[in-house]
Amino acid sequence: QGEDGIGAVLGSRGLGDVYKSQLLICGEAGIGKSRLAAEAERMAGATGGLVLRARCHEIERALFLQPFVDALRPRVAHLAGQLLRDMVGGWAQVLESLAKGQPMERRYAYEAVTAFLCALAEREPVLLVLEDLHAAGAATVELVHYLARRTSGARLLVVATVRTDDEAVTDALRGPAEVLRLGPLPPGAVAELAARAGLGELADEVFRRTRGHPQFVVELLGEPDLVRQGVPASLRVIVLARLRGLDDQARRVLRAASVLGAAAFDPVLLGEMLALPPQVVAEHCERALARGLLVVSGSAYEFACELTREALYVTTPAPTLVVYQDRARRALLVPPAGRSR
Ligand SMILES: Nc1ncnc2c1ncn2[C@@H]1O[C@H](COP(=O)(O)OP(=O)(O)OP(=O)(O)O)[C@@H](O)[C@H]1O
Ligand SMILES: [Mg+2]
């Protein structure tokens, strides 16, 4: 992972070839996608490439091609007028309208952006970074796909980061784009980060509690007093933010699971605790699995790491914990027929 990942994908080929592709950097929140995209930007900058970048914002999903507008507007403004017309002919006016946010035919917009990026790429290699493409509107994703088919000869590299809570964007672009899927850091990498923070002797503990999730590792190392026990406030905020995409019932399922300790739990037991049908609980668990909050352990689930569980536990109101603990005791004491425990 880390530099190895981008090195393996980008560095192993000649730069000329790299600039004729699309790369999706995929993975759960905090796994290091943006860091890797920044790495690609540094590589491009250092080798004389033009870097264009934009972030996709969920709330601006309905704004037509907003990420492309953000990425291209400075260049369009810089070249406005005759220079732009020299580069892209009749598309210049379409680009200027797009940059002003004026409504237009999709096809024209796609053609104009494609022509502009190809014209830029004739002068110097271009890296277009689109951060958080999972939050983009449909037109933006469509245009990325369109670019892959129309710019194959151009020195244009599109790097997009995609959170994999939902695989729709990755599935849509998988054909033309290369997918780089990030996972947790191995123990050796965690040990290196711990050593760099002057906490080498705590490396095993950091790995045990984070299971190598990079953002968790960084946050935990930032609070040396809490490495063995406790949850940094910043981590509570991060875990709560990750719950926001789930509905109320799913959140209750995870909070109830957090009272069961570090052991694996199954949807049947949780269903008993919450008086919910196990298949409903199973669906909630699957969504949490897709978000990287849970992992599968045999025929049961576990929290992806202890810190996630603890963050949930310590942010659940105490009276609610009492209820869940009581329900857990009853469910475990009186196993229904067919339940092997
Ligand atoms: N390999 C790594 N080594 C050291 N720190 C890392 C590594 N990967 C990620 N980090 C750190 O972890 C944190 C989260 O990384 P990053 O912002 O890249 O995640 P992300 O996948 O883009 O998350 P999000 O989906 O929330 O945007 C950052 O502080 C980053 O510097
Ligand atoms: Mg990011």
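Both ligands and their constituent atoms are indexed starting at 1 by order of listing. Scope of the values below: all heavy atoms of this structure, side chains included, with no hydrogens, waters or symmetry mates. Owing to the predicted nature of the structure, the values given are computational and were not obtained by experimental measurement.
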Logged contact type for R35 with ligand 1, heavy-atom cut-off 4.0 Å, is both

How many angstroms lie between atom CZ of F265 and atom CD of E302, to the nearest 0.5 angstrom? 8.5 Å

Could you tell me if any non-hydrogen atom of G30 lies under 4.0 Å from any atom of ligand 1? yes

Between K100 and E96, does any NZ, NE, NH1 or NH2 come within less than 4.0 Å of an OD or OE carboxylate oxygen? no

Do the side-chain N and O atoms of E28 and T164 include a donor-acceptor pair separated by under 3.5 angstrom? no

Can you check whether I31 has an N/O within less than 3.5 Å of an N/O in ligand 1? yes

Would a hydrophobic clustering, with Ile, Leu, Val, Met, Phe, Trp and Tyr connected at side-chain separations under 4.5 Å, put L23 with L173? no

Just checking, is any N or O donor in the side chain of S258 or R309 under 3.5 Å from an acceptor N or O on the other one? no

Check T161 against ligand 1 and report side chain, backbone, both or neither, counting heavy atoms closer than 4.0 Å. neither

Quick look: L185 vs ligand 1, heavy-atom contacts under 4.0 Å, and the answer is side chain

Number of protein N, O or S atoms [distance to the Mg ion (ligand 2) under 2.8 Å]: 1

Give the numbers and elements of all ligand 1 atoms closer than 4.0 Å to a heavy atom of V218. 5 (N), 11 (C)

Would the distance check show the side chain of D266 and the main-chain N or O of V268 forming a donor-acceptor pair, the cut-off being under 3.5 Å? yes

Could you verify whether a donor N or O on one side chain and an acceptor N or O on the other, from T315 and R255, lie under 3.5 Å apart? yes

Polar contact flag, side-chain donor to acceptor under 3.5 angstrom, R150-Y146: yes

Can you sort out which atoms of ligand 1 are near K33, meaning under 4.0 Å from one of its heavy atoms? 18 (O), 19 (O), 20 (P), 21 (O), 22 (O), 23 (O), 24 (P), 25 (O)

Full working for side-chain hydrogen bond (donor to acceptor under 3.5 Å, both in side chains) between Q66 and T140: CA-CA 8 Å; Q66 190 58 41; T140 296; over 6 Å; no

Quick check on the hydrophobic clustering: are L63 and L130 connected, directly or via other members, by side-chain heavy-atom contacts under 4.5 Å? no

Report, in ascending order of atom number, the atoms of ligand 1 lying under 4.0 Å from any heavy atom of S34. 17 (O), 18 (O), 20 (P), 22 (O), 27 (O)

